[in-house]
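Sequence positions, counted from 1, serve as the residue numbers for this chain. Not measured: the values here are computed from a predicted model. Just follow the structure's listing: the first ligand is 1, and inside any ligand the first atom is 1.
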Amino acid sequence: MSLQYLSDELKTLREQGLYQKLRVLDGEQLPVATFDGKKVINLSSNNYLGLNTHPRLREAALEATRRLGVGSGAVRTIAGTMRIHMELEEKIARFKNTEACVVFQSGFAANAGTVAAILKKGDIIISDELNHASIIDGCRLSRADIRVFPHKDVAAAEKLLQEAQSQPGHKLLISDGVFSMEGDIAPLPRLCDVAERYGAIMMVDDAHASGVLGRNGRGTIDHHGVHGRVHIQVGTLSKAIGSLGGYVCGSRDLIDFLYHRARPFLFSTSHPPSVTATCMAAFDVLEEEPERIARLWENTRFIKKGLQGLGFNTGMSETPITPVIVGAAKLAHALSRRLFEEGVFAQGIGFPTVPEGKARVRTIVTATHTPQELQQALDVFARVGRELGIIQ
Ligand SMILES: *Cc1c(COP(=O)(O)O)cnc(C)c1O
């Protein structure tokens, strides 16, 4: 049978304890939610601010559906640009204080579509080794030369830019704003320094910083005060914003160029009105309910302190993403499985999502977890961590 080799590979994954069954959520994405029929404390979603179920967002989706229907009917460049799509882009551009914005179907499409559109063979990309898969795919699609620097190593990035200086072609320096597996923040001021020194384009993917870092969740550019120094800011609408989508903010010409050349924009249908209306409402909530972000950070401090106090290795996290690094993928998956049995859902993550030997369980708190829920989760971590010999 022609697909037998796939079955063989799956068998190997099972033997290695790396096979993962999809956990199925019944009901809403809440801080305590029902996965696979079991009620658990949910430390696995990216629903940072609880906006997935915010009444105002839900109402916006329903109202837009009633008024405008359930689908856009075409790609943006043919007949699929609705008034509401333009309004959302204008709203995000104002929020980020940039000239313009383009919304994509997902953050993945935003990254991959943008990098592939603005660079070509002969150009050079300088990329952090822990950048997101969508950046890596965009780099590959562009056919530019990809040069990877060790995580957050600005001196190494500078060296690569220096080496590329005599070569023709455009240079792009690209980094996640917040790294999705480590939860640490990119050293943007120093990255901007070297990008400027060598005339490189500076691009930041703020998927995990949108709605989390900076004033009212404006992201790492705002957090670090590097306004005007990052040419291309990517954000997601799928995480803290609560719905689905990705966006690119920058100059009017950058956005106009992407309207003409970004392939997900040209060849894939735009969002239904409900998604777009939901995102519009989410940006209003970011401005009007800053207490959500404050609670997110209170909860972040609480769980980090708790996990570290128990003796877990939480790496270099500085954000609501707190990894519990255990080493072997098998151990990470065992930890995740036992936590789940004891009522805590934190996903195990191994190679190739993280480097080999750095497998982990990743926790993400949200603004809507109560201190009691988080303490209960810590108690389970303590018990299971000792049982598996991860902590004393
Ligand atoms: C999740 C994520 C994306 C993709 O965003 P989606 O909107 O889910 O497609 C891109 N970059 C990073 C760093 C992410 O964590």
- Item | Contacting atoms of ligand 1, where contact means under 4.0 angstrom from a heavy atom of Ser180 | 15 (O)
- Distance from atom 11 (N) of ligand 1 to nearest protein heavy atom, with residue and atom: Asp205 OD2, 2.5 Å
- Item | Candidate pair Phe104 and Tyr247, rule ring pair (Phe, Tyr, Trp, His ring centres under 6.0 Å), full reasoning | CA-CA 6 Å; Phe104 286 86; Tyr247 58 86; 9.9 Å; no
- Message: Is the terminal nitrogen or CZ of Arg23 (NZ for Lys, CZ for Arg) located under 6.0 angstrom from the six-membered ring centre of Phe340 and within 45° of that ring's axis?
- Response: yes
- Item | Per atom 15 (O) of ligand 1, closest listed option by heavy atom (Gln105, Met181, Lys239) | Lys239
- Could you walk me through whether Glu341 and Arg338 pass salt bridge (charged side-chain N to carboxylate O under 4.0 Å, His left out), step by step? CA-CA 5 Å; Glu341 286 163 6; Arg338 283 292 296 128; 2.7 Å; yes
- Item | With Thr322, the side chain to side chain donor-acceptor pair (under 3.5 Å) member among Gln308, Arg362, Lys304 | Lys304
- Query: Which ligand 1 atoms does Ser106 reach within 4.0 Å, using its non-hydrogen atoms?
  - Reply: 7 (O), 9 (O)
- Among all protein non-hydrogen atoms, which one is nearest to atom 7 (O) of ligand 1, and what is the separation to 0.1 Å? Ser238 OG, 2.5 Å
- Query: Which atoms of ligand 1 sit under 4.0 Å from any heavy atom of Asn111?
  - Reply: 10 (C), 11 (N)
- Note on the structure: atom 9 (O) of ligand 1 sits nearest the protein heavy atom Phe108 N, 2.9 Å
- Message: Any salt bridge linking Glu90 with Arg94? Criterion: basic side-chain nitrogen under 4.0 Å from a carboxylate oxygen.
- Response: no
- Note on the structure: If we number the atoms of ligand 1 from 1 as shown, the ones under 4.0 Å from a heavy atom of Thr236 are 5 (O), 6 (P), 7 (O)
- Just let me know how Asn46 lines up against ligand 1, side chain, backbone, both or neither, with a heavy-atom cut-off below 4.0 Å. neither
- Query: Could you go step by step and tell me if His208 and Asn46 meet the side chain to side chain contact (heavy atoms under 4.5 Å, CB included) rule?
  - Reply: CA-CA 8 Å; His208 280 284; Asn46 301 313; 3.5 Å; yes
- Donor-acceptor contact present, side-chain Asn47 to main-chain Thr366, <3.5 Å: no
- Proximal atoms of ligand 1 relative to His208 (non-hydrogen, under 4.0 Å): 15 (O)
- What's the shortest distance from atom 5 (O) of ligand 1 to any protein heavy atom, and which residue and atom give it? Gly107 CA, 3.4 Å
- Task: With ring pair (Phe, Tyr, Trp, His ring centres under 6.0 Å) as the test, would you mind laying out the steps for Tyr19 and His333 before giving the verdict?
- Result: CA-CA 9 Å; Tyr19 181 85; His333 290 300; over 10 Å; no
- Looking at Lys171, Arg229, Arg190, which hits salt bridge (charged side-chain N to carboxylate O under 4.0 Å, His left out) with Glu196? Arg229
- Of all the heavy atoms in Gly245, does at least one lie under 4.0 Å from an atom in ligand 1? yes
- Item | ligand 1 contact by Ser134, heavy-atom criterion under 4.0 angstrom | yes
